[in-house]
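Read the structure below first, then the notes.
Chain naming here is simple, since letters A, B, ... match the order of the sequence lines and numbering starts at 1 in each.
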Amino acid sequence: MEYQKVSDMNGLCNGKIVTEFNCRNGFSELSIETKKAAVQRKNETSRKEAEDESRLPALEAAYTTILQGLGEDTDRQGLLRTPLRAAKAMQFLTKGYHETIYDVLNDAIFDEDHDELVIVKDIDVFSLCEHHLVPFFGKVHIGYLPSKKVVGLSKLARIVEIYSRRLQVQERLTKQIAMAISEALQPAGVAVVIEAAHMCMVMRGVQKMNSRTVTSAMLGVFREDPKTREEFLALTKSA
Amino acid sequence: MERSKQKQLKPSESDASASNDTSLNGHFGQTVKVQNMSGVSKGSTGEVSTQPSSVMESWREERTRSIEDNEMSLPSIAAAYTTILRGLGEDPQRQGLIKTPWRAATAMQFFTKGYQEKIIDVLNDAIFDEDHDEMVIVKDIDMFSMCEHHLVPIFGRVHIGYLPNKRVLGLSKLARIVEIYSRRLQVQERLTKQIAVAITEALQPAGVGVVVEATHMCMVMRGVQKMNSKTVTSTMLGVFREDPKTRDEFLTLIRS
């Protein structure tokens, strides 16, 4: 059930904001499901790797067509194995489709009586623009106010990885990260800020080298209380 | 006269001229002597083999793609991108992805538009006789290219310096030369050399120095994933190669 929600969100997140935040059945059963699903999960992962392998020839053929369409000579030494390399690179850059929050959190949710802001900032993020298939990259700052449960810090970065290694729109990426953390932890509030440079704007089109796009998602107490939001923004501002 | 010869080139198989240029793109570094290049690349079209093989003519034969070629190949490239989207497990019919194959195909053609341009067009006769024999440097030219091994962007800066020998070049033309060679499927070493050789052939200066400093997304976004790594390559020709003091002056000035 959790899998479907996560994969649906990539296309439809904009419409589902409020309902998703209130829906808590995803993770409250996490600890029970974990034991049952351990074996099932292993099978799931190995199937995904096999799927990747089986799709490689079609991707390779597509890349060969592209190279020829661009007027290049696909038999020259530098390009001989480029279709294979490019196909594998593209699969790596979209590996977020195969992963679920379930796998990645690894039970690293702990009961801790901490009710102050926890911030992990300057997480490097690399994603692909879904409109031009060109990278965009930047930094993510995540903050949350725990409500009796804290999460392993690297798991925040892993959540970023899952959602960023997909064909994305920066607004949706920000929202998905915030939602995933809300659902996993039920904290008092979550804040996510992404500042990125879009190669589709820098390398082509308007060609503005120094432009950056900043998006943010504030949920819970970060949305309602301006002081909490201010504290988060002040702490994540780079000196 | 050259124009009419170019027009005769166009209707001939674009594949033939494609392989001409890509043997250039692949072997430019080795063939500063033009006679070699003409021999390698002009097997197919008879009229081309009668071109004068002077050094100045070598880079006039570079044109492969035209606007018409682009339009004709767009549908097949877009179809290839649709296959790629499906192969990655995405749904090409969802709202965000419906026109993506076309946008991605057009973007990729833009990123390789260097194949459509020739040095001779871009220089626009902006070569002037000037009695100047001190170093001329244009630095911090932003450069964007595509890695030919992974089809992932490379971006960085190019610094160019040359010692004129009675002839100077319009400054923006140096940046245009960078654009022509960088907007291709490239390897950074080859890019650096091609820029240096093009300037040498255009101006016959006393020396040329080119330094390219770039970040390779193929190393940053995938593979080893080293975020802050930069690759620096340089080509020194003529007096920049022989005289260490000139080279030093150039390197100091681009650093400041």
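- Arg65(B) has no carboxylate O lying under 4.0 Å from a charged side-chain N of Glu72(A), or vice versa, which leaves the two without a salt bridge.
- When the candidates Arg55(A), Arg204(A), His131(A), His132(A) are compared by the number of heavy-atom contacts under 4.5 Å with chain B, His131(A) comes out ahead.
- When Gln109(B), Lys113(B), Met108(B) are compared by the number of non-hydrogen pairs under 4.5 Å with chain A, Met108(B) comes out ahead.
- Of the two parts of Glu60(A), neither the backbone nor the side chain holds a non-hydrogen atom closer than 4.5 Å to a non-hydrogen atom of chain B.
- Side-chain atoms of Met203(A) and Phe155(B), non-hydrogen and from C-beta on, never get closer than 4.5 Å to each other.
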inquiry  = Working note: Glu130(A) + Arg94(B), criterion salt bridge (charged side-chain N to carboxylate O under 4.0 Å, His left out); need CA distance, chi angles, decisive distance, verdict.
reply    = CA-CA 11 Å; Glu130(A) 73 177 14; Arg94(B) 71 171 169 89; 2.9 Å; yes

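- The parts of Val202(A) that come within reach of chain B are both its backbone and its side chain, each placing non-hydrogen atoms under 4.5 angstrom from that chain.
- A donor-acceptor pair is defined here as one N or O able to donate and one able to accept, closer than 3.5 Å; no such pair exists between the side chain of Thr83(B) and the backbone of Ala62(A).
- Across Tyr97(A) and Leu88(B), no two heavy atoms sit closer than the pair CD1-O, 4.0 Å.
- Top candidate by heavy-atom pairs under 4.5 Å with chain B, chosen from Ala61(A), Gly78(A), Ala58(A), is Gly78(A).
- Neither the backbone nor the side chain of Gln77(A) has a heavy atom closer than 4.5 Å to any heavy atom of chain B.
- For chain B, the option among Arg81(A), Met90(A), Lys88(A) with the highest count of heavy-atom pairs below 4.5 Å is Met90(A).
- Between the side chain of Thr82(A) and the backbone N or O of Glu148(B) there is at least one donor-acceptor pair closer than 3.5 Å.
- In this structure, the side chains of Asn70(B) and Leu70(A) stay at 4.5 Å or more apart for every pair of heavy atoms.
- Heavy atoms of Ser127(A) lying under 4.5 Å from chain B belong exclusively to its backbone.
- Considering every non-hydrogen atom in both Met209(A) and Asp142(B), the closest pair reads CG-OD2, 3.7 Å.
- Within 6.0 Å of atom CG in Asp140(B), more than 12 heavy atoms from other residues, nucleotides or ligands are found, so the atom counts as buried in its surroundings.
- Considering only heavy-atom pairs separated by less than 4.5 Å from chain B, the leading option among Pro83(A), Cys129(A), Pro135(A), Ala87(A) is Pro135(A).
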query = Yes or no on side-chain contact (heavy atoms from CB on, under 4.5 Å) for Leu167(A) and Leu85(B), after CA distance, side-chain angles and deciding distance?
reply = CA-CA 9 Å; Leu167(A) 302 183; Leu85(B) 288 178; 3.3 Å; yes

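- Of all heavy-atom pairs between Ile77(B) and Gly69(A), the closest is CD1-C, 3.8 Å.
- Among Gly96(B), Ala107(B), Ser73(B), the residue with the largest count of heavy-atom pairs under 4.5 Å with chain A is Gly96(B).
- Between Leu79(A) atom CG and His149(B) atom NE2 the span is 7.5 Å, to the nearest 0.5 Å.
- Contact annotation for Ser145(B): only backbone heavy atoms (N, CA, C, O) come within less than 4.5 Å of a heavy atom of chain A.
- Taking chain B as the reference chain and counting heavy-atom pairs below 4.5 Å, the highest number among Thr65(A), Leu67(A), Ile66(A) is found for Ile66(A).
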